[in-house]
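A short write-up of the structure that comes next.
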Protein chains: 2
Amino acid sequence: MTDTVLAVLNQPSRSAAPHDPEADAFTWAKPLEEHIQVMDLGLTRGDGVFETITVIDGRPQALEAHLGRFVRSAAKLDLPEPDIDAWRRAIEAVCARLDPVREAYAKTVLTRGVEGLGRPTGWVYAAPSADQTRDRTEGIGVVTLDRGYRHDVERTSPWLLQGAKTLSYAVNMAALREAVRRGADDALFVSTDGYVLEGTRANLIMSVGGRFVTPRTDIGILDGTTQADVFRFAEQEGIETAYELVTLDDLRAADAMWLVSSIRQAAPIHTVNGVRQEMDLGMTERINDFLLARQD
Amino acid sequence: MTDTVLAVLNQPSRSAAPHDPEADAFTWAKPLEEHIQVMDLGLTRGDGVFETITVIDGRPQALEAHLGRFVRSAAKLDLPEPDIDAWRRAIEAVCARLDPVREAYAKTVLTRGVEGLGRPTGWVYAAPSADQTRDRTEGIGVVTLDRGYRHDVERTSPWLLQGAKTLSYAVNMAALREAVRRGADDALFVSTDGYVLEGTRANLIMSVGGRFVTPRTDIGILDGTTQADVFRFAEQEGIETAYELVTLDDLRAADAMWLVSSIRQAAPIHTVNGVRQEMDLGMTERINDFLLARQD
């Protein structure tokens, strides 16, 4: 066992030629050595997709939801369809090999591969998660930032790849730096026509009049695996849930809100653009207890 | 000498710790081996910048213009400033080591480095260019595609990184695939408010009433090194040049137009959205002769 683990897939997509026809589904590799060529299109063009999966006590959470989104993201990029059985086996093996820690994560990456070879590159990397206690218990401040797109670009202009979880995340990281420059912890993207979209690496959930509301997922944002499970929790608790178009006015009127994602889980929002926001820490604790106890 | 060459920079940014304090500015590496870790942010987040430089008979073209843009792109991403002297030395050494071919290219890449290490990764890769004769002499068809942004986002929303040459090029590659699906060779991006922007990896130049016109470079597009040199050619020939806001109507009214970029140089456009477009093949040849004869 080791504290970081890396498995390189031999044939990440069934339709592509395997790296080694004799090899198993994946090969163990040393995480801190070099495994990628400089002309891999994942690197030169951000041309690939990924998932980040929470691993609790060695158990990957929301695995099938992550695998489903991985396949949908790949399809949006016209990548050869990931061989889900091979990926599932690799993820489970990586999680089993990881040092026993309470919270870790597994990152799956599929790229278009080295330019000219026509063979995708794929791997699963896992490591312990940084401590998330502070974000979960004290909350986070967010600022709203223009995403530059209308809320309907996913439908009108699919080549903009909104709704796909791609390796081209430079804008997300720049927005995160801008949020920090403004004294916040994260950014919440807003469409040019005034709809609240998503965080830089998380979904928004609001509590409004006893209901849980999240932005509709057909407006160029990711369908969140953690968000879906928070809604599962809510339904189990008798809390009504809804996917809606959310405006900045709606945001101001919310009783409580969270950014939810893998690794961090539910982080209550204490400030929006410098304005204090009520937090529901009791509910936050129940949500995180639910999320951390997921068995699948 | 060899047909592909790779130099890995020891200290791509002066402010960052070198990989090896005893080493030279760069280290020769085998281009077809693995040199990048899976947790390099250039790979996991498309978080880095690049340049592609034409190399004619072993001589890098528009080198200072490329280096200047490389530095400006890095600044837009808050990357530690590239050590231009080290990069220049590495590029010149790589070009000198390349097998003697008429046309090659050198690609410089600077990434934020392996997550958590705080040390950027940088390299120069060079290889012979594919034959560009057909695009240069027979021309290319383009389709116009929505870029999803207004023409002023570079000013209003700098975190969208428009105008920076980043590794997050998945949208450019998806637009290129969409163009091919529509029977064209390349796409020309248009802003949501109707201004023609740039190609997926090239700038547009139009010949209009004896003048050369290119879209203004403050509207979220790259300032093209090849475009600048075509304007240098034009001025030398007594042809007036202008940077303007260009609409689709202006495009339809052009006498001739080109997509210009490193490697391909000037490719005349024979079709826009399926409508035939007059080409000026004599002028195209003179432009490409000028570009391929550049001494710096």
Among the listed options A:L145, A:L176, A:L161, the residue most often paired with chain B at heavy-atom distances under 4.5 Å = A:L145
In terms of heavy-atom pairs under 4.5 Å with chain A, the winner among B:V171, B:V109, B:D146, B:L77 is B:D146
Under 4.5 Å to a heavy atom of chain B? For A:T156 that would be side chain
Picking from B:Q162, B:R177, B:R112, which has the most non-hydrogen pairs under 4.5 angstrom with chain A?
-> B:R177
Heavy-atom pair count under 4.5 Å with chain B, highest-scoring of A:G46, A:A170, A:G48, A:S157 | A:A170
Residues forming a side chain to side chain contact (heavy atoms under 4.5 Å, CB included) with A:T44, sequence neighbours excluded | A:M39, A:L41, B:K107
Crowding at CD, A:E81 (>12 non-hydrogen neighbours, <6.0 Å) | no
Check B:D78 against A:R181 and note the closest heavy-atom contact, atom names and distance.
-> OD2-NH1, 3.3 Å
What residue in A:R147, A:K76, A:E33 has the most heavy-atom pairs under 4.5 Å with chain B?
-> A:R147
Between the CG atom in B:L43 and the CH2 atom in A:W123, the distance rounded to the nearest 0.5 Å is 3.5 Å
Return the minimal non-hydrogen interatomic distance between A:E34 and B:Q37, and the atom names on each side.
-> OE2-NE2, 3.3 Å
Who wins among A:L160, A:V153, A:D47 for the most heavy-atom pairs under 4.5 Å with chain B?
-> A:L160
Passing option when B:V38 is tested against A:V8, A:I36, A:L32 for side-chain contact (heavy atoms from CB on, under 4.5 Å) | A:I36
Is there a donor-acceptor contact under 3.5 Å linking the side chains of A:R150 and B:Y149?
-> no
Of all heavy-atom pairs between A:Y169 and B:S168, which one has the smallest distance, and what is that distance?
-> N-OG, 3.3 Å
